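The block underneath contains the structure these notes are about, expressed in structure tokens.
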Amino acid sequence: MAKQSRRDFLKTSAIIGSAAAGLSSSTKAAPKNVLSEDRMGVLVDTTVCIGCRKCEWACKTAHNLATDPIETYEDRTVFKEQRRPNDKALTVVNEYPNTTSDKFPINVKVQCMHCDKPACVSACIVGAFSKNENGSVIWDGDKCIGCRYCMVACPFQIPAFEFEEALKPDIKKCDFCIERTSKDKLPACVEMCPVEAITYGRREDLLKVAKDRIKNYPHRYVNRIFGEHEVGGTSWLYLSSRQFEEIAFPKLGNDPAPGVSEAIQHGIFAYFVPPVALYALLGGVMWLNKNKKNHETDTEN
Amino acid sequence: MKTKLLIFLFALPLFVFSQNKVEKLHQTQALNCKTCHSCDIPTKENPCIKPCPRERLITIEQTPSDAPSILTIDKMKKTSDIYAPVVFSHRLHAEMADMGGGCRMCHHYNPPGEVVGCADCHELTRKRTDLSKPDLKGAYHQQCMNCHRQWSGKVECESCHAQNGSAKKTESKPKTDLAAKQVHQKVNPPELVKYDTPKANGKIVSFNHTDHVSTFSIDCEKCHSNESCNKCHAKYKPASLANRSVADKHVICANCHNTKANCSDCHKNSVVGSFNHKTRTGFDIAKNHAKLTCNRCHVEKGKFAGLKADCSICHGTWTKENFKHLITGLQLDETHADFECTDCHQDKNYANPTCKNCHEDKTYPKDKPGKLVKKSK
């Protein structure tokens with residue numbers, strides 16, 4: 001894709017905007033079909049994760065983010081509160097109690113899920129987000145205007161805004177280690193994980209692996225792969241011993257999130273119906289009131 | 001054509017022979033086809049053999065002393081590593097496993113033949129096409145963490161690894177020395193364990209370990225088949241039983257006792273001493289029946305009550321012909337040997353013989369109808 005500067009973008013959008021004013025728009029905000037059979041994914045087995053947080057360190061190191069030395073990550077007091085990924089940490093591990101064994105708390109790594117039908121891509125009005133054929137959802141800083149629609153749209157509340165530099169908008173989120181994978185390397189967290197709780201591979205293969213694990217160890221897992229169908233499927237898939245909603249996964253339907261937001265957004269603005277309808281309504285109310293007043297003055301006389 | 005036929009004829013017995021050999025081996029193991037094959041009908045072209053199935057296909061019959069004592073796990077070693085390879089006290093771990101599930105706790109797949117090590121199935125590289133099993137590093141860590149997490153709840157790298165270029169390196173030395181030998185000291189079994197239960201009526205369960213081992217001759221493995229080290233070594237021991245479900249708490253007792261009914265058999269309001277057949281049932285087994293196992297008399301499994309203290313139930317009817325009085329330790333004199341049993345023994349358990357039928361002035365045991373001898377079998 002050709003690089004586009006913000007100035008170029010504003011120019012083109014102005015032209016398109018004026019053109020669109022006269023035309024009825026038939027825009028489809030959904031991404032082009034990039035759901036290749038060979039798209040990659042990551043399977044997170046929360047029953048294997050030990051909460052060592054080495055993935056957090058690896059992620060920061062790979063993305064040139066400031067990090068404390070690796071030994072400090074053994075501090076488990078951070079689990080006292082639930083954390084979210086932000087502009088300083090693109091992935092975090094949280095901990096939840098295990099109802100069957102207190103010795104094995106459930107640790108859950110959180111990062112961008114890289115949805116198959118990403119809401120951020122659809123919500124972004126300047127096309128700074130894109131879904132790629134390898135499954136990743138990445139963000140192009142050159143196009144971003146800092147509107148933060150993506151943050152609102154994301155069903156997992158992942159895109160984080162770097163507030164320190166307000167004039168240079170910067171959205172931070174897991175980029176599926178696109179730089180590393182393009183060089184045939186594994187994502188940094190996957191490579192680091194000592195217990196291989198996170199497995200990188202073709203999404204289809206991973207689904208098969210996950211289903212085999214559930215079949216072979218029905219007592220170990222709940223019979224569900226989070227991300228197989230949720231919001232239309234995600235590249236990151238999760239296995240768990242507890243119901244996902246109990247370990248702070250959002251309760252989501254199987255319809256892609258863009259489908260919902262797009263339908264509302266586009267429904268409201270299609271053909272300028274709502275503004276016209278609003279004015280018609282207001283006009284109607286005024287007209288009725290005027291009639292009523294006239295009628296009242298008539299009777300008084 | 002001829003040569004092909006010859007080759008075929010030559011190869012045929014080989015083929016048949018090898019088939020037989022495999023079949024024989026498989027038959028002795030009582031294997032299920034699905035243990036190794038993933039499809040319903042495996043063919044020569046498509047045998048669909050599962051890659052290292054994690055099934056109970058174990059043939060390691062080693063004792064801890066046969067196992068290698070120390071293994072250095074350095075197969076994944078890279079120069080960029082932060083941590084040094086683990087010096088793994090294999091024999092010590094084998095010993096610990098011996099108290100639990102045995103070799104199979106770690107060697108979860110081992111077809112007949114050589115002992116299969118982790119690296120024989122688990123690949124060295126994380127970037128690979130077969131994702132069905134973890135890579136070697138993942139496999140090791142998963143295996144170790146399974147117990148070590150339970151043991152201490154700690155996942156620190158330093159609990160197993162020395163840091164590269166760190167002074168801590170020497171720390172694992174004494175451990176390895178210990179591990180070279182078998183070190184676990186003799187476990188002293190408890191005599192009586194008192195459990196305080198949350199039950200309102202019948203708070204106390206007295207578990208008499210000695211009774212179960214000696215009096216009832218129950219094999220250790222019957223109860224201790226899957227023991228983990230932290231049964232003894234855990235820091236917060238009392239919590240372990242309290243957290244378990246009602247069914248889990250009773251699971252071992254339920255092997256023999258009916259835990260669904262008759263709670264009060266075990267749940268008492270005070271501590272109960274060791275089992276005594278005489279005080280419990282009124283029948284003293286110490287004299288003549290001490291060496292018998294319970295099931296010699298209590299034939300029906302799990303049913304102990306209702307057996308009457310009537311010798312004839314087990315021994316049939318005794319007569320002067322079939323009973324050698326000598327074995328009681330009293331050899332009857334000639335006169336008395338001719339009598340019927342009932343002439344002296346009028347109660348059913350032959351306990352208190354009477355002399356009154358013939359003698360007015362004599363009583364047993366002051367007067368004896370013969371001479372005492374050493375008891376014989």
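None of these values were measured; they are calculated from a predicted model. Just so it is clear: chains get the letters A, B, ... in the order the sequence lines come, proteins before strands, and each one is counted from 1.
A pairwise comparison of heavy atoms in Val190(A) and Arg126(B) identifies O-NH1, 2.7 Å as the closest pair. Arg149(B) and Pro105(A) make their closest contact through NH2-O, 3.2 Å (heavy atoms, listed as atom of the first residue, atom of the second, distance). The nearest pair of heavy atoms linking Asn146(B) to Phe104(A) is O-CZ, 3.2 Å.
Counting non-hydrogen atoms of neighbouring residues, nucleotides and ligands closer than 6.0 angstrom, the CD atom of Glu179(A) reaches no more than 12 such neighbours. The number of heavy-atom neighbours closer than 6.0 Å to NZ of Lys75(B), taken from other residues, nucleotides and ligands shown, is 12 or below.
Rounding to the nearest 0.5 Å places CD of Gln142(B) at 8.0 Å from OG1 of Thr47(A). Rounding to the nearest 0.5 angstrom, the gap separating the CD atom in Glu196(A) from the NE2 atom in His141(B) is 12.0 Å. To the nearest 0.5 Å, the span separating CD on Glu71(A) from CD on Gln163(B) amounts to 5.0 Å. The NZ atom of Lys133(B) lies 12.5 Å from the OG1 atom of Thr199(A); values are rounded to the nearest 0.5 Å.
You'll find the side chain of Met145(B) stays beyond 4.5 Å of the side chain of Pro194(A), heavy atoms only.
Residue Ile70(A) touches chain B through its side chain alone, counting heavy-atom pairs closer than 4.5 Å. With a 4.5 angstrom heavy-atom cutoff, Lys208(A) does not touch chain B via any of its atoms. With a 4.5 angstrom heavy-atom cutoff, Asp75(A) does not touch chain B via any of its atoms. Of the two parts of Cys144(B), neither the backbone nor the side chain holds a non-hydrogen atom closer than 4.5 Å to a non-hydrogen atom of chain A.
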Start with the C-alpha gap between Arg202(A) and Leu131(B), add the side-chain angles, then the distance that decides, and say whether side-chain contact (heavy atoms from CB on, under 4.5 Å) holds.
CA-CA 9 Å; Arg202(A) 282 178 74 237; Leu131(B) 302 172; over 6 Å; no
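Interface check for chain B: of the options Leu186(A), Leu43(A), Val209(A), the most heavy-atom pairs under 4.5 Å are formed by Leu186(A).
Between Lys78(B) and Glu191(A), none of the side-chain N atoms (NZ, or NE/NH1/NH2) sits under 4.0 Å from a carboxylate O, so this pair counts as no salt bridge.
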